[in-house]
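What follows is one structure encoded as structure tokens, with my remarks underneath.
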Amino acid sequence: MKREIYMDYAATTFVKPEVLAEMNPYFTENFGNPSSVYYISRKTKMAIAKAREGISKIINANKDEIFFTSGGSEADNWAIKGVALANKNRGRHIITTKIEHHAVLNTCRYLENHGFKVSYLSVDKFGKIDLQELENLITKDTILVSVMFANNEIGTIEPISDIGKICRKKGVLFHTDAVQAVGNVPIDVQSMNIDLLSMASHKFYGPKGMGALYIKRGTKIDSLIHGGSQERGRRAGTENIAGIVGMSKALEIAASNMDEERKRLIYLRDKLIDGLLKIPYASLNGDRTCRLPGNVNISFEFVDGEIMVMSLDREGIYVSTGSACSAGAVEPSHVLTAIGLSEKEAKSSLRLTLGAKTTEDDVDYVIKVLSRRVSDFRKSNKRWNERSH
Ligand SMILES: *Cc1c(COP(=O)(O)O)cnc(C)c1O
């Protein structure tokens with residue numbers, strides 16, 4: 001059998017067998033609508049309550065502050081549009097960053113077409129925002145700051161506690177897209193002064209199409225999905241019970257061995273980075289240490305990222321050029337250009353993200369194959385051959 005190595009855990013993960021086992025009964029025998037009153041419905045209602053409580057504890061929230069959604073994109077849309085609509089009489093200015101996921105960026109663009117003003121914070125060469133720039137940008141008109149917890153392309157972890165402190169001091173709401181961070185790094189919404197936080201189950205070994213938005217008690221926010229009174233009247237629609245139970249189980253597993261798994265992934269990540277940086281004219285994108293445990297993003301001069309992804313695919317190695325959402329698009333990554341890469345440099349980068357099934361053997365193998373592939377690719381490149389090395 002052909003060897004297959006999946007190194008795209010930032011795009012999505014498989015569902016862990018223990019998670020699937022927990023979900024299964026909620027497709028078959030425990031199918032009752034939680035809004036009904038008979039026994040099988042009470043069982044599903046109780047399962048949802050238990051999941052909500054479990055998830056809330058892991059980020060140090062209260063159980064009534066967790067609202068289930070159809071994923072990370074819906075949570076981001078809800079946080080930003082919901083706060084904008086509910087607070088538009090107080091102000092119409094939103095601050096975000098240039099390196100957000102498109103679920104945040106395109107939501108902000110939409111609001112710009114509807115009378116809101118959005119400022120996009122720049123980042124340094126490691127992908128970090130400037131706290132002073134943030135503080136200077138906040139005016140009386142500012143209602144919301146939205147900065148991602150950790151970047152999905154380069155893995156940089158933002159100074160969330162400092163951002164939270166500034167927002168609290170200035171009296172503006174703070175939303176963070178924590179889709180890449182939840183389950184990978186410790187999060188405490190209270191000590192970090194976070195008002196709204198988005199998560200997505202399929203990034204931590206739960207099912208796809210399932211997410212949640214944490215909304216701090218007392219936060220003024222409108223609903224986006226109107227209908228029945230599910231989620232305490234704030235997000236209508238019959239609950240995805242199996243999804244909710246699965247997400248909760250997946251997060252429980254992630255939290256229970258987070259320290260251990262984080263150490264293991266950091267070791268593998270650093271080994272992969274060191275191995276790939278031995279390739280001539282290779283450079284790391286993002287911060288060397290303040291980065292997600294499983295994220296590697298490297299540019300290889302004179303190599304086309306898209307062609308490399310397809311070439312590795314034929315070897316059974318699955319990696320990405322950036323975010324899955326923009327793969328296939330001809331545009332260079334907005335994240336890589338924001339950290340100062342030229343269009344050419346941005347298009348010569350690869351993202352390799354490690355996770356639960358990654359072994360040291362996989363890392364060694366990928367270093368070997370990639371070194372050979374990069375070298376072969378360059379040999380067929382006229383500009384490379386004309387240059388003296
Ligand atoms: C994956 C991802 C999203 C989107 O989540 P979905 O559940 O796929 O809608 C949003 N933000 C970040 C940072 C992501 O990595």
Side-chain angles (χ1 to χ4, degrees), residues 6-15 19 55 59 66-81 96-110 120-121 123 127-129 146-158 160 163 175-185 187 194 196-214 224-225 235 237 240 243-244 246-248 250-251 254 286 291-297 319-329 333-336 338-339 351-355:
Y6 182 76
M7 285 204 178
D8 204 15
Y9 284 85
T12 196
T13 62
F14 62 92
V15 172
V19 171
I55 291 166
I59 59 166
I66 301 295
F67 295 86
F68 295 117
T69 68
S70 65
S73 298
E74 187 193 326
D76 285 341
N77 270 264
W78 185 8
I80 299 167
K81 288 181 200 162
T96 186
T97 79
K98 289 183 176 157
I99 62 163
E100 297 298 311
H101 188 274
H102 285 112
V104 168
L105 283 180
N106 289 339
T107 301
C108 287
R109 299 254 153 76
Y110 169 84
Y120 298 88
L121 291 165
V123 292
K128 287 226 180 119
I129 68 150
S146 180
V147 177
M148 68 200 321
F149 204 111
N151 185 268
N152 47 301
E153 292 189 38
I154 55 174
T156 302
I157 300 172
E158 298 296 335
I160 295 300
I163 300 167
H175 166 249
T176 186
D177 173 344
V179 171
Q180 290 290 333
V182 171
N184 283 316
V185 294
I187 297 176
I194 297 166
L196 303 119
L197 177 144
S198 309
M199 65 174 87
S201 148
H202 74 107
K203 302 287 172 78
F204 51 82
Y205 310 97
K208 293 171 184 52
M210 187 66 226
L213 180 64
Y214 151 79
L224 296 190
I225 313 289
R235 199 277 187 184
N240 175 0
I244 290 169
M247 175 160 82
S248 165
L251 194 51
R291 93 187 278 136
L292 286 170
N295 176 287
V296 175
N297 190 311
V319 305
S320 139
T321 49
S323 56
C325 325
S326 60
S333 145
H334 66 288
V335 176
L336 296 177
I339 62 170
R351 180 186 74 176
L352 302 93
T353 44
L354 319 181

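Order of listing sets the numbers, starting from 1, for every ligand and every atom in it. When reading the values below, keep in mind they use all heavy atoms of this one structure, side chains included, and skip hydrogens, waters and symmetry mates. Sequential numbering from 1 along the given sequence is applied to the chain's residues.
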Handout entry: Check against side chain to side chain donor-acceptor pair (under 3.5 Å), S198 and H175
Key = CA-CA 8 Å; S198 309; H175 166 249; 2.8 Å; yes
Exercise for the section: Anything under 30° is parallel, anything over 60° is perpendicular, the rest tilted; go ahead and classify H102 against H334. Expected result: tilted
Exercise for the section: Could you tell me whether the side chain of R291 and the main chain of I154 form a donor-acceptor pair under 3.5 Å? Expected result: yes
Practice task
Report yes or no: do T156 and N151 form a side-chain donor-acceptor pair below 3.5 Å?
Solution key: no
What are the polar N/O contacts of ligand 1 with the protein below 3.5 Å, with distances?
residue	atom	partner	partner atom	Å
ligand 1	7 (O)	G72	N	2.8
ligand 1	7 (O)	H202	NE2	3.3
ligand 1	8 (O)	H202	NE2	3.0
ligand 1	9 (O)	G72	N	3.4
ligand 1	9 (O)	S73	N	2.8
ligand 1	9 (O)	S73	OG	2.7
ligand 1	11 (N)	D177	OD1	3.3
ligand 1	11 (N)	D177	OD2	2.7
ligand 1	15 (O)	Q180	NE2	2.7
ligand 1	15 (O)	K203	NZ	2.7

Exercise for the section: Evaluate the side-chain proximity of Y120 to L105: yes if any heavy-atom separation is below 4.5 Å, no if none is. Expected result: yes
Problem - T13 and K203: CA distance, side-chain angles, deciding distance, side chain to side chain donor-acceptor pair (under 3.5 Å) verdict - result: CA-CA 6 Å; T13 62; K203 302 287 172 78; over 6 Å; no
